[in-house]
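Letters A, B, ... mirror the listed sequences (proteins, then strands); counts begin at 1. Just so you know, these numbers come straight off a predicted model, no measurement behind them. Below, each value reflects all heavy atoms present in this structure, side chains not excepted, and no hydrogens, waters or symmetry copies.
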Amino acid sequence: MKKSMMVFMALIVSGAMFLQNVAAQTATGPVELRFTVWTGNAAHLSMLSDIAAKYKAVHPNVSVKFDTIPYGDYPQKLAVQLAGSNAPDAGWITEADAPTFIQADALLDITKAVAAYNYADFAKSATGLWEKGGKVYGVPFSNSPLIIFYNKTLFEKAGIATPTELAAKGQWTWEAFASAAKQIKAKTGTYGYQTLDGSGYTDNLWATIVPMIRAYGGDVWDAQGNCTIASPESVKAVTLLHSMIYTDKSVVPPGEQADFFAGAAGMTMSQISRVSKLQDAAFKWGLVALPKGPAGEAQVIGQAAVVAFKAGKHTAEAADFVAFMTNKENVATMTKFFPPARVSVLDSEAFTKGNPSIPPEVMSSVVGYALKNGKILPSNPNFPKIDLIARSSFDQLWRPDADVKSVLSKVASSIAPLLK
Amino acid sequence: MTKTPSANRKKNHEINRRKRGEYLFGYSCIAPQILGFLVFVLGPLVMVIVYGFENRNLLTGKTTFAGLSNFTTLFTKDPLFYKTLGNTLVFTLGLVPLSVLSSLLLALAVRKDSMRNTVFRTIYFAPVVTAAVAWAIVWKFLLQGDQGIVNKVLAVVGIHGPNWLQEPGWAMGAVIVTRVIKNLGMNIIIYLAAVTNLPDELYEAARIDGASKLQAFRKLTVPLLMPTTLMITMITVIGSLKIFDHIMLMTEGGPSNATMVLVYYIYYQGFRFFETGYASALSLVLFVIVLGLTLAQWGIGKRFSYQEG
Amino acid sequence: MKRNIVLAKTREPLTILLMIIVALPFVFPFWWMLTSSLKTSGEVFGALSLWPKTFQWANFAEVFTYQPFGLQYLNSVYIAVVVTVVTVVLASLSGYAFAKVRFPGRSALFLILLSSMMMPAEVTIIPNFFMMKQFNLTNTHLPIILLGIFGAQGAFSTFVMRQYFLSVPHELEEAAQIDGLNRLNVFLRIMMPLAIPALSSASILTVLNSWNTFLEPLVFIDDLKKFTLPLSLNNFRDAYGSPVWQLQMAATSLSVLPILIFYVFAQKKITNAMAFSGLKG
């Protein structure tokens with residue numbers, strides 16, 4: 001008897017929960033914009049909510065709900081959500097996905113909405129990727145150079161010159177980078193280098209290899225769609241990385257879990273937005289621009305833009321909110337995590353003093369410097385396929401006895417047909 | 001003994017009425033299940049066939065008729081398809097015998113009720129109730145290269161373990177074994193149920209006849225447990241065909257597609273490449289395989305225990 | 001004879017040793033899970049340690065602030081309950097009909113249903129996705145529930161019930177019918193009470209299956225508050241996708257322990273249910 005009562009109760013409860021869910025689905029009323037982001041960081045989200053609150057003060061009927069999709073699954077999950085019945089209205093997308101989403105006609109034309117402010121304030125070099133046929137499909141909110149974070153405490157322990165000291169002397173090269181990593185490993189037993197977010201062999205493959213390849217004078221593919229990933233310059237750069245991983249054993253290898261932010265690596269490639277992860281760090285740290293290579297300076301920028309989606313239910317409100325979010329005041333607010341593409345903000349104190357944990361001179365000499373000299377990461381309308389196919393060919397590189405040249409040739413032949 | 005024709009007719013009528021009632025009862029009993037089957041399985045299956053002949057893209061939402069092109073690509077231009085097919089076969093053939101055999105042996109080892117066996121049974125069952133996601137995540141951590149705990153343990157006995165999930169030669173094995181461990185407990189329980197029903201007298205008789213333990217196992221235990229073994233094999237085959245979360249979270253099909261199985265490849269094409277048309281063509285191939293297996297299983301099953309009662 | 005006994009005696013500790021070795025890969029992940037859930041993140045990555053230096057009980061509290069974990073837990077529970085109850089009811093009805101009621105097309109229909117038993121959800125996930133979209137049901141739990149009930153597990157439960165009903169002797173039913181019970185009452189009053197072990201077996205398998213479902217929530221659910229446990233466990237990651245191990249392991253421990261404790265106490269009953277159901281073949 002007791003048992004059947006419990007089953008009965010469970011049924012009632014679950015039925016109620018179910019109805020509640022359905023009700024939430026069909027509720028109507030004031031507009032709620034669904035905005036997808038890949039950050040789950042509390043500091044980022046509270047900053048975004050503040051912007052939404054400011055918007056609500058002007059447009060009382062519009063509220064914005066920020067939904068986090070994990071970074072690794074972001075484009076896939078976003079595409080599924082856009083195809084579903086609960087499509088987001090606006091959101092972030094990265095430079096890598098821009099051509100894919102624009103070509104698929106998934107993004108809303110927001111040319112009119114951005115005419116509300118001085119759109120020309122955005123650097124031409126930053127907006128190129130987000131325009132097509134004279135129309136604007138997205139506004140970059142983050143124009144963030146890849147930089148090196150290092151664990152100063154570990155460098156001191158190893159008794160070697162820090163990257164900042166090397167950079168001051170003009171000796172901050174990828175060779176010097178590799179040797180620093182090697183010495184840290186040898187003298188402290190801790191890994192010298194961890195790739196971007198520890199996923200340099202998978203989700204962040206391109207951000208990991210492109211800076212090195214460019215510094216050696218190569219690139220992965222050019223604007224005409226020619227694959228240059230197997231060029232002698234590229235091979236040289238990737239060989240350096242490979243020997244760091246397998247000869248020096250100074251890089252956190254594939255499959256291994258370690259975390260720079262927990263003190264388990266001497267250096268990592270990262271972006272300003274991740275400085276928030278260093279808040280509770282138990283070590284001293286520093287920031288430095290990417291090293292130089294034989295071909296000289298090659299700073300690399302990762303971009304992300306705010307876009308509105310065609311599939312959303314409230315397109316007019318979404319376009320308006322995108323414009324609001326990227327007006328001068330809000331770009332200045334976001335600057336503490338996301339370096340701006342607005343020239344006027346970049347030159348202002350809002351940028352250099354935006355993040356209290358980074359000294360203004362570092363902000364301008366590292367981030368500002370990299371921004372002025374940087375080139376954006378590669379992209380292509382076929383990027384999702386290129387990315388996954390290249391990764392599976394690249395897997396052959398991540399072993400001690402790999403022949404770098406032949407693996408890169410294989411990568412080139414597997415992705416070449418997709419580039420055109 | 002003599003009946004008038006009209007009485008006969010009446011009886012026939014009565015039988016017919018009863019029969020109709022019986023039919024109606026039968027159909028009403030299966031109606032909800034069959035209705036659900038039509039809407040959520042058969043209908044979608046028909047749509048899979050339709051989609052298989054279309055170019056569909058999840059992101060653009062555009063659909064065009066493709067004729068046979070998905071299938072010609074699949075069979076003639078997609079080496080990955082054959083690779084995933086092979087991987088699926090290797091996975092199933094590796095997992096099923098390993099799982100069935102070890103669950104039988106372990107079930108026999110813990111068959112007697114005792115404190116000790118209760119502990120072991122609980123241990124073997126624990127992974128079953130662990131979310132597959134969690135299981136995969138934990139093992140991914142344990143199976144790292146030099147840092148990995150598994151390799152550190154192996155190093156104690158002088159074995160230099162490989163970077164399990166990063167080397168194509170080892171990844172599949174690692175994925176299979178960790179999956180076997182995950183579900184072994186369920187098979188053990190089913191075997192335990194059957195083992196407790198084994199007639200003791202038979203073994204006693206065999207012992208008196210001078211049969212060794214191994215002989216008794218081969219000549220008595222194995223045949224007596226055959227229906228159970230078939231059932232477990234079936235459950236395990238079903239489980240091995242829908243291996244998805246485990247692969248996705250441990251290897252994402254890598255390294256170099258070494259663990260890309262058919263179900264994951266379908267997801268990959270449909271939800272990562274957005275090629276839902278091509279993914280449907282793949283699904284169709286998988287369905288044909290499943291249909292073949294079902295018929296085979298039905299045929300084998302009929303010989304043993306599933307005959308009409 | 002004597003030799004045999006001696007052999008058996010020396011074999012005993014050997015068997016136990018072997019069983020302990022075999023048990024290691026079953027136990028160690030849990031050990032690691034529990035200890036890691038109490039470590040700091042630095043310790044998780046640091047040198048291998050079998051015991052946390054200081055116990056970070058706060059990790060368990062943080063699990064609930066990092067994500068709406070309580071709600072996600074509840075989602076999994078209620079979905080499992082609904083799916084299991086409905087599945088078992090439908091499976092008993094159709095299992096009984098397939099076993100005991102004679103009607104035209106019975107074998108053919110059963111065989112068709114059986115074919116869905118082996119079919120992975122991946123085969124039909126794409127059309128199902130578009131269908132659910134048509135009915136505005138993506139980002140609700142309904143697709144997970146419906147596909148859970150009518151998918152492979154539902155068919156398997158039907159199979160289990162049918163196997164069981166087949167083993168019940170005809171005479172029992174005939175006697176009941178002679179006593180004047182109609183078909184429905186025979187089913188409800190005579191057959192169902194007999195079928196408790198098979199019902200329990202089917203329920204256990206269905207609960208476990210629902211508890212583990214990953215693909216459907218992955219495809220259908222967008223909203224954190226509607227996540228189920230498997231999605232939630234995979235989502236203890238920082239802004240850039242790196243897992244937050246100590247929280248992930250704390251959450252995993254919370255998801256495993258209650259069921260494990262339940263199993264320890266219900267072990268005998270579960271095995272018995274399996275023993276008396278058709279499952280063992």
Which residues in residues 245-259 of chain A have any heavy atom closer than 4.5 Å to a heavy atom of chain B?
A:Pro254, A:Gly255, A:Glu256, A:Gln257
Does the B:Ser256 side chain pair with the main chain of A:Ser393, one donor and one acceptor, at a distance under 3.5 Å?
no
Most contact-rich option vs chain A, by heavy-atom pairs under 4.5 angstrom, among B:Pro168, B:Gly270, B:Pro255, is B:Pro255
Using non-hydrogen atoms and a 4.5 Å limit, figure out which bit of B:Leu58 sits close to chain A: side chain, backbone, both or neither.
both
Does B:Lys182 have more than 12 heavy atoms from other residues, nucleotides or ligands lying within 6.0 Å of its NZ?
yes
If one checks every heavy atom of A:Tyr191 against chain B at 4.5 Å, the contacting part turns out to be side chain
What are the two closest heavy atoms between B:Phe274 and A:Ala79, and how far apart are they?
CE2-CB, 3.2 Å
Part of A:Thr100 within contact of chain B (heavy atom distance under 4.5 Å):
both
Hey, what do you get for CD (A:Gln76) to CG (B:Leu59), rounding to the nearest 0.5 Å?
11.0 Å
Please output the residues of residues 394-418 of chain A in contact with chain B, using a heavy-atom cutoff of under 4.5 Å, in numerical order.
A:Asp395, A:Gln396, A:Arg399
Looking only at B:Lys62, B:Met260, B:Gln144, most heavy-atom pairs under 4.5 Å shared with chain A are made by B:Gln144
So which part of B:Phe271 gets closer than 4.5 Å to some heavy atom of chain A, the side chain, the backbone, both or neither?
both
From the list A:Leu78, A:Val80, A:Asp105, the residue making the most non-hydrogen contacts under 4.5 Å with chain B is A:Val80
How long is the straight-line distance from OG1 of B:Thr60 back to CG of A:Leu82, given to the nearest 0.5 Å?
11.5 Å
Which value, rounded to the nearest 0.5 Å, describes the distance between A:Asp203 atom CG and B:Glu252 atom CD?
6.5 Å
